[in-house]
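Taking it in order: structure first as structure tokens, then the write-up.
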Amino acid sequence: GLFFDSEFWDKGTELEVTFLNGKKEKFILTSKYKYIAEDTPDDVLDTEKGVYRVTVMTCIGEYVEGVGSKYRVYNVFTKK
């Protein structure tokens, strides 16, 4: 997928998001998390809590029947 190499992104990596209305905002990678798929906290993608952010998720590792890839990597970007 589009973010297949995101597990290798370094903190400080910049991301620019262009919204449907043409507005652009810049974000910076501030946090990285890696979880075994079934151990991922329920609130990891909760957009109702915390600071304004963009979270990019990718799946990595061996394929596990009924789960998908074994691991989930989350890169959290906050507004620059």
Side-chain angles (χ1 to χ4, degrees):
L2 182 60
F3 303 118
F4 72 93
D5 66 343
S6 64
E7 71 175 298
F8 303 111
W9 295 350
D10 295 320
K11 287 184 180 179
T13 297
E14 292 186 13
L15 175 73
E16 183 175 79
V17 176
T18 303
F19 295 89
L20 289 175
N21 64 5
K23 180 180 175 186
K24 295 182 180 190
E25 290 188 22
K26 290 186 179 183
F27 296 83
I28 190 162
L29 179 55
T30 54
S31 302
K32 298 177 66 75
Y33 304 96
K34 179 179 176 182
Y35 299 105
I36 294 175
E38 53 270 6
D39 293 340
T40 301
D42 292 335
D43 65 347
V44 74
L45 292 174
D46 186 348
T47 60
E48 299 296 318
K49 298 178 185 172
V51 299
Y52 183 60
R53 66 195 180 280
V54 172
T55 302
V56 174
M57 187 270 290
T58 194
C59 303
I60 62 169
E62 67 184 81
Y63 182 81
V64 177
E65 189 68 36
V67 175
S69 295
K70 184 173 182 176
Y71 297 99
R72 304 293 186 268
V73 175
Y74 298 88
N75 290 286
V76 181
F77 293 79
T78 53
K79 192 158 181 185
K80 188 172 178 182

message = Membership question, hydrophobic clusters at under 4.5 Å side-chain separation (ILVMFWY): are L2 and L15 in the same one?
response = yes
ask   = Looking at K34 and E7, does any basic side-chain N land under 4.0 Å from a carboxylate oxygen?
value = no
message = For C59 versus M57, what's the shortest heavy-atom pair and its separation?
response = SG-SD, 4.0 Å
task = Work out which heavy atom in V67 is nearest to a heavy atom in R72; give both atom names and the distance.
result = O-NH2, 3.1 Å
ask   = Shortest non-hydrogen contact from Y35 to D39?
value = CD2-O, 4.2 Å
request  = Dump the intermediate steps for side chain to side chain contact (heavy atoms under 4.5 Å, CB included) on K80 and F27, then the final yes or no.
outcome  = CA-CA 5 Å; K80 188 172 178 182; F27 296 83; 5.9 Å; no
query = Is V17 reachable from L29 through a run of hydrophobic residues whose side-chain heavy atoms are each under 4.5 Å from the next?
reply = yes
task = Group every Ile, Leu, Val, Met, Phe, Trp and Tyr by side-chain heavy-atom contacts under 4.5 Å, then state whether V44 and V73 land in the same group.
result = no
remark   = Nearest heavy-atom approach of S31 to K11 is CA-CE, 4.2 Å
message = Is there a path of hydrophobic side-chain contacts, each under 4.5 Å between heavy atoms, that joins F19 and F77?
response = yes
key: Those residues that, when tested against L45, pass side chain to side chain contact (heavy atoms under 4.5 Å, CB included) (two or more places apart)   = T55, Y74
ask   = Is V54 reachable from F3 through a run of I, L, V, M, F, W or Y residues, each pair having side-chain heavy atoms under 4.5 Å apart?
value = yes
Counterpart residues, side chain to side chain contact (heavy atoms under 4.5 Å, CB included), relative to F4 (two or more places apart) = none
ask   = For N21, does the CG atom sit with more than 12 other heavy atoms under 6.0 Å from it, leaving out its own atoms?
value = yes
Atom pair CD1 (I28) and OG1 (T78), whose distance is rounded to the nearest 0.5 Å = 7.0 Å
query = If you round to the nearest 0.5 Å, how far is NZ of K79 from CD of E25?
reply = 3.5 Å
request  = Would you name the heavy atoms of Y63 and G68 that are closest together and state the gap between them?
outcome  = CE1-CA, 3.4 Å
message = I'd like to check the side chain to side chain donor-acceptor pair (under 3.5 Å) partners of K32; sequence neighbours left out, ordered by chain and number.
response = N75
